[in-house]
Amino acid sequence: MAGPNYTEIHTQLLKNADPVKAAFFPRFFKTGKGEYGEGDSFLGVTVPKIRKVGREFRFLSGPPLIKLLRSRHHEERLLALLILVEQYRKGDNQSREQIFQLYIDNKAYVNNWDLVDSSAPAIVGGHLLGQPTVASQTRGEKVLVKMARSKRMWDRRIAMLACFYAIRAGESATALRIARLLRDDKEDLIHKAVGWMLREIGQRDRKTLRTFLDEHAACMPRTMLRYAIEKFPEPQRRAYLGMASTRLSLA
């Protein structure tokens, strides 16, 4: 019996589409000329409904899945990525390798912050930083370092968000290395990603985060720093923001 084809899945998404959301999403995801999501197309399907469709087609593979992943419609790319995340989590070593390679080969289509954030920790982080040996984890870190140095903003965000996998497991060294590489990035979406991951480190190990901030806070972009210290007591927040303000006043 043949599996579902692309048309069936597209039709199912359209049944869940909301014209009001279809009009709102292009503004929310910055699709105007020169903006980070320039040219993206939306059907108007919310994430909960996409996840519901994803459960129905959780075993999708082959050409229909690839067509979704390369779709011009944002929600279809997100659907493909959510399916791949679940398949990666439940797969054996061979299937995980195939999913990771499929992701890397098609990362040009992982081109907005929600697409990155919903997929990079599990697939990229899990594959590169979740290996059983130190040597394999070191090789994985080298891949992330290379991505962090990419000219493509979404590659750099993938590198940072992939570290969330290790942070959740209590390992912060790779995330801190990537954060150092991205500290002076020019893009606001990278500032937010780095600050978010630093905050997550601090939620688990406040001392490690404070050591990093003592060295870098004065040079960090304001948004990155604000994200990183969001959970700090107010006096500590003011102190770190003061370090940044001093640097700006002297510039």
Side-chain angles (χ1 to χ4, degrees), residues 25-38 40 74 107-108 110-121 124-125 128-129 141 143-168 171-206 208-234 236-251:
F25 285 156
R27 298 192 301 274
F28 182 74
F29 287 101
K30 307 295 184 184
T31 63
K33 186 173 178 59
E35 294 182 308
Y36 61 73
E38 181 178 352
D40 208 351
H74 186 103
K107 61 184 173 65
V110 186
N111 57 355
N112 215 310
W113 58 263
D114 63 320
L115 304 179
V116 172
D117 299 359
S118 63
S119 60
V124 181
L128 297 177
L129 303 177
E141 182 177 306
V143 174
L144 293 181
V145 166
K146 183 177 180 180
M147 291 181 71
R149 290 172 171 156
S150 171
K151 293 181 179 179
R152 182 174 180 265
M153 179 179 68
W154 302 119
D155 285 357
R156 303 197 300 275
R157 188 166 175 116
I158 288 171
M160 190 72 258
L161 264 293
C163 296
F164 205 177
Y165 179 92
I167 292 170
R168 286 168 173 156
E171 191 279 312
S172 60
T174 301
L176 293 173
R177 182 178 182 186
I178 300 300
R180 290 186 190 97
L181 289 173
L182 296 176
R183 190 197 69 184
D184 299 324
D185 201 281
K186 303 302 182 184
E187 298 290 346
D188 184 65
L189 283 173
I190 301 301
H191 301 170
K192 292 177 179 178
V194 174
W196 174 19
M197 291 301 100
L198 290 173
R199 184 178 71 229
E200 292 295 336
I201 291 171
Q203 289 286 86
R204 296 157 176 83
D205 185 349
R206 183 65 59 85
T208 293
L209 175 55
R210 291 199 63 177
T211 298
F212 181 90
L213 292 175
D214 289 345
E215 180 181 354
H216 296 281
C219 300
M220 289 168 65
R222 195 81 168 179
T223 297
M224 185 186 296
L225 180 58
R226 285 189 176 277
Y227 269 58
I229 62 177
E230 183 179 343
K231 302 297 183 180
F232 278 19
E234 185 60 25
Q236 291 181 12
R237 292 182 73 255
R238 286 200 302 267
Y240 281 115
L241 289 170
M243 291 171 62
S245 296
T246 300
R247 183 258 302 174
L248 290 172
S249 67
L250 294 175

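Only heavy atoms go into these numbers, but all of them, side chains included; no hydrogens, no water, no symmetry mates. All values reported here derive from a predicted model rather than from experimental measurement.
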**OP:** Test side chain to side chain contact (heavy atoms under 4.5 Å, CB included) on Tyr227 and His191 and set out the steps.
**Re:** CA-CA 9 Å; Tyr227 269 58; His191 301 170; over 6 Å; no
Subject >> Criterion side chain to side chain contact (heavy atoms under 4.5 Å, CB included) on Lys192 and Met224, from CA distance to verdict >> reply: CA-CA 5 Å; Lys192 292 177 179 178; Met224 185 186 296; over 6 Å; no
**OP:** Would you check, one step at a time, whether the test side chain to side chain contact (heavy atoms under 4.5 Å, CB included) holds for Arg149 with Lys146?
**Re:** CA-CA 5 Å; Arg149 290 172 171 156; Lys146 183 177 180 180; 6.0 Å; no
Original post:
Step by step, would you call Leu176 with Thr208 a side chain to side chain contact (heavy atoms under 4.5 Å, CB included)?
Top reply: CA-CA 9 Å; Leu176 293 173; Thr208 293; 3.7 Å; yes
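Residue Leu198 is tested with Ile229, Leu209, Ile167 for a side chain to side chain contact (heavy atoms under 4.5 Å, CB included); the sole match is Leu209.
A distance of 13.0 Å separates CZ in Arg168 from CD in Gln203, rounded to the nearest 0.5 Å. Distance CD1/Ile201 to CG/Asp205: 8.5 Å, rounded to 0.5 Å. With rounding to the nearest 0.5 angstrom, the CG atom of Leu144 is 7.0 Å from the OG1 atom of Thr174. To the nearest 0.5 Å, the span separating OG on Ser172 from CZ on Arg204 amounts to 10.5 Å. The distance from the CE atom of Met243 to the CG atom of Leu213 is 8.0 Å, given to the nearest 0.5 Å.
In this structure, the side chains of Leu189 and Trp154 come closer than 4.5 Å at one or more pairs of heavy atoms. Within the 4.5 Å cutoff, side-chain heavy atoms of Arg199 are placed close to those of Lys231. Contact annotation: the side chain of Leu161 never approaches that of Val124 to less than 4.5 Å [non-hydrogen atoms, C-beta and beyond]. Here the side chains of Asp184 and Met220 are not in contact, with every heavy-atom distance at 4.5 Å or above. Under the 4.5 Å side-chain criterion, counting only non-hydrogen atoms from C-beta, Val194 is not in contact with Ile178. Inter-residue side-chain proximity for Asp114 and His74 is flagged as met; some heavy-atom pair is nearer than 4.5 Å. Residues Glu141 and Leu128 have side chains not in contact (no heavy-atom distance under 4.5 Å, counting atoms from C-beta outward).
The two atoms that bring Asn112 and Gly37 nearest to each other are ND2-CA, 4.0 Å, heavy atoms only. The shortest heavy-atom contact between Ala148 and Leu182 is O-CD2, 3.4 Å. The two residues Ala175 and Met160 make their nearest non-hydrogen contact at O-CE, 3.5 Å. In terms of heavy-atom proximity, Cys163 sits nearest to Leu129 at CA-CD1, 4.0 Å. In this structure, Pro121 and Tyr165 approach most closely via the heavy-atom pair O-CB, 3.4 Å.
One finds no salt bridge joining Glu230 and Arg226 here, because no Lys/Arg side-chain nitrogen approaches an Asp/Glu carboxylate oxygen to under 4.0 Å. In this structure, Asp214 does not pair ionically with Arg210, as no charged nitrogen and carboxylate oxygen lie closer than 4.0 Å.
Residue pairs meeting the salt bridge (Lys or Arg N to Asp or Glu O under 4.0 Å) criterion with at least one member in residues 155-167, sequence neighbours excluded: Lys107-Asp155, Asp117-Arg157, Arg152-Asp155, Arg156-Asp185.
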Which donor-acceptor pairs under 3.5 Å do side chains of residues 27-34 form with protein atoms, sequence neighbours excluded?
residue: Arg27; atom: NH1; partner: Ala23; partner atom: O; Å: 3.1
residue: Thr31; atom: OG1; partner: Pro26; partner atom: O; Å: 3.0

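Although no hydrogens or angles enter the test, the distance criterion places a donor-acceptor pair under 3.5 Å between the side chain of Glu171 and the main chain of Ala173.
Residues passing the side chain to side chain donor-acceptor pair (under 3.5 Å) test with Arg206, sequence neighbours excluded: none.
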